[in-house]
Amino acid sequence: MSRGLPLLHRRRILVSGAIGGITCAAVVVGAAMAGQDDGSGDANASTKAAQTISCPAVAGSLPEIPAEARAEVDRNLALLDTQIAEADKRLGTSQGEGGPNFVQNAILGPLADKRKSTLDRIAISIGRRAEKPTGLDALAECTLSGGEAGAGTGAGGEADSGATPTAAASESAGGGAEQGSGAEQGGGADAGSGTDEGSAQTISCPDVASKISGVPAAARAEVDRNLALLDTQIAEADKRLGTSQGEGGPNFVQNAILGPLKDKRASTIDRIELSFSRQGSTAPSGLDALAGCSLTSG
């Protein structure tokens, strides 16, 4: 009897020790898995935060710039940097907004439109004093890049890739892809009316066509193409408005639809003004004020 009690006691100690060891092991494994989950979440967040906008370099693709055009070219090159910085800021503050095409529709697309207009002004300013550079439109499109991939760009700067223009000159207003649908000119107010009947709101924009007069004959076709493009842009925005009910946060319509539409319209109106300049004429003043649109109740 005196030996049985210590033996039983030892067995209880062994069993208790085994259970305690298993419990500790489970705690360690759980902590390790939690650490992995936290790490992966941080990695995903870091990946999203590391994305910047990378655009082809423009300065290195320009020919020799006449002294008389230098100031104007430099202003537009600085404007290209400003446009990228603004788009980068928008990218950083819009995480989680919109659908899968939000970045393309609300950030990269409008940025390409702005860059096309700015590149066109650079080409025209050089062309007034020397041979006009061709193919600058090929440098308008930008992409997303990770922190490691954007070497030489800084935070959203122009990529130092030495890219050379390959597309046709920016003589044709609006570009083929941008004009795509070939919608007929509205012939009156640019107000959007093609929204679905189920939507109570439509997009209304100031009329541009009625504010334009004295169009040079040589610029008429180009102006008409861009007026038609304004109508197409409104129709596309109206369609987006009708199919995005319930998406995003309280500022979704402004950030994903009205804001990008304003940028597109500003670029298109800019091309209308440039078509006057190419013919040595002065465009009507105040057209820039017609770029912004608003929602109206149906």
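In this text the structure is predicted, and so the values were computed from the model without any measurement.
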> Can you tell if the side chain of Ile53 reaches within under 4.5 Å of the side chain of Thr143, non-hydrogen atoms only?
no
> Look at the side-chain heavy atoms of Ile, Leu, Val, Met, Phe, Trp and Tyr, link any pair under 4.5 Å apart, and say whether Leu290 and Val215 land in one connected group.
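Linked, Leu290 and Val215 end up in one cluster.
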> My understanding is that only one of Thr52, Leu144, Leu111 makes a side-chain contact (heavy atoms from CB on, under 4.5 Å) with Leu91; could you say which?
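Result for side-chain contact (heavy atoms from CB on, under 4.5 Å) with Leu91: Leu144.
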> What about Leu119 and Leu62, same hydrophobic cluster or not, with Ile/Leu/Val/Met/Phe/Trp/Tyr joined at side-chain heavy-atom distances under 4.5 Å?
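Per the 4.5 Å side-chain linkage, Leu119 and Leu62 are co-clustered.
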> Side chains of Leu139 and Ser61: closer than 4.5 Å at any heavy-atom pair?
yes
> Given the rule in the side chain to side chain donor-acceptor pair (under 3.5 Å) test, do Thr296 and Thr202 qualify, once you have shown the distances and angles that lead to the verdict?
CA-CA 5 Å; Thr296 59; Thr202 59; 3.1 Å; yes
> Do you know the tightest heavy-atom contact between Ser54 and Ser145?
CB-OG, 3.6 Å
> Could you state the interatomic distance from CD (Glu68) to OG (Ser125), rounded to the nearest 0.5 Å?
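The OG atom of Ser125 is 11.5 Å from CD of Glu68, to the nearest 0.5 Å.
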> Check whether Ile65 and Ile122 end up in the same hydrophobic cluster, where Ile, Leu, Val, Met, Phe, Trp and Tyr are linked by side-chain heavy atoms less than 4.5 Å apart.
yes
> Could you tell me the separation between the OG atom of Ser244 and the NZ atom of Lys239, rounded to the nearest 0.5 Å?
12.0 Å
> Please give me the minimum heavy-atom distance between Pro66 and Ala130, naming the atom from each residue.
CG-CB, 3.7 Å
> Taking only residues two or more places apart in sequence, or in another chain, which ones meet Ala112 in a side chain to side chain contact (heavy atoms under 4.5 Å, CB included)?
Glu141
> Would Ile126 end up clustered with Val58 when hydrophobic side chains under 4.5 Å apart are linked, directly or stepwise?
yes
> Would you check if the side chain of Thr268 reaches a backbone N or O of Lys264 as a donor-acceptor pair within less than 3.5 Å?
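Between the backbone of Lys264 and the side chain of Thr268 there is a qualifying donor-acceptor contact (under 3.5 Å).
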> So how far is it from Asp238 CG to Arg240 CZ, rounded to the nearest 0.5 Å?
12.5 Å
> Taking C-beta and beyond as the side chain, do Leu287 and Phe276 meet within less than 4.5 Å on heavy atoms?
no
> Give a yes or no on whether Leu295 and Ile257 share a hydrophobic cluster (residues Ile, Leu, Val, Met, Phe, Trp, Tyr; joining criterion: side-chain heavy atoms under 4.5 Å apart).
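They do share one cluster, since a chain of ILVMFWY contacts under 4.5 Å joins Leu295 to Ile257.
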> Taking atom types as modelled, find out whether Gln83 and Thr118 have a side-chain donor-acceptor pair closer than 3.5 angstrom.
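Short answer, yes.
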> So, do Cys293 and Lys262 sit near enough that their side-chain heavy atoms are less than 4.5 Å apart?
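Sidechains of Lys262 and Cys293: no contact.
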> Can a salt bridge be assigned to the pair Arg271 and Asp120 using a cut-off of 4.0 Å between side-chain N and carboxylate O?
no
> Decide side-chain contact (heavy atoms from CB on, under 4.5 Å) for Arg70 and Arg129; before the verdict, give the C-alpha distance in whole Å, the side-chain angles of both, and the deciding distance to 0.1 Å.
CA-CA 11 Å; Arg70 168 57 67 183; Arg129 284 97 179 175; over 6 Å; no
> How far apart are the closest heavy atoms of Cys205 and Leu261, and which atoms are they?
SG-CD2, 4.0 Å
> Do the side chains of Asp81 and Leu77 get nearer than 4.5 Å, heavy atoms only?
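Leu77 vs Asp81: side chains apart.
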> Indicate yes or no: does Glu72 engage Arg128 in a salt bridge with an N to O separation below 4.0 Å.
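The answer is yes: the pair qualifies as a salt bridge.
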> Who are the side chain to side chain contact (heavy atoms under 4.5 Å, CB included) partners of Gln104, not counting sequence neighbours?
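With neighbours one apart ignored, the set is Leu108.
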> Between CG of Leu274 and CD1 of Ile269, what distance do you get to the nearest 0.5 Å?
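Atom-to-atom, Leu274:CG and Ile269:CD1 are 12.0 Å apart.
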> Taking the side chain as C-beta and beyond, is there a heavy-atom pair between Gln201 and Val253 under 4.5 Å?
no
> Ignoring hydrogens and geometry, is there a side-chain-to-backbone donor-acceptor pair from Arg265 to Leu230 under 3.5 Å?
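No.
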> Heavy-atom distance under 4.5 Å between the side chains of Ser267 and Lys116, does that happen here?
no
> Would you call Lys211 and Asp207 a salt bridge, taking side-chain N to carboxylate O under 4.0 Å as the test?
no
> If I compare all heavy atoms of Gly292 with all of Pro206, which pair ends up nearest, and what's the gap?
O-CD, 3.1 Å
> Is any side-chain heavy atom of Asp288 closer than 4.5 Å to a side-chain heavy atom of Glu273?
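In contact.
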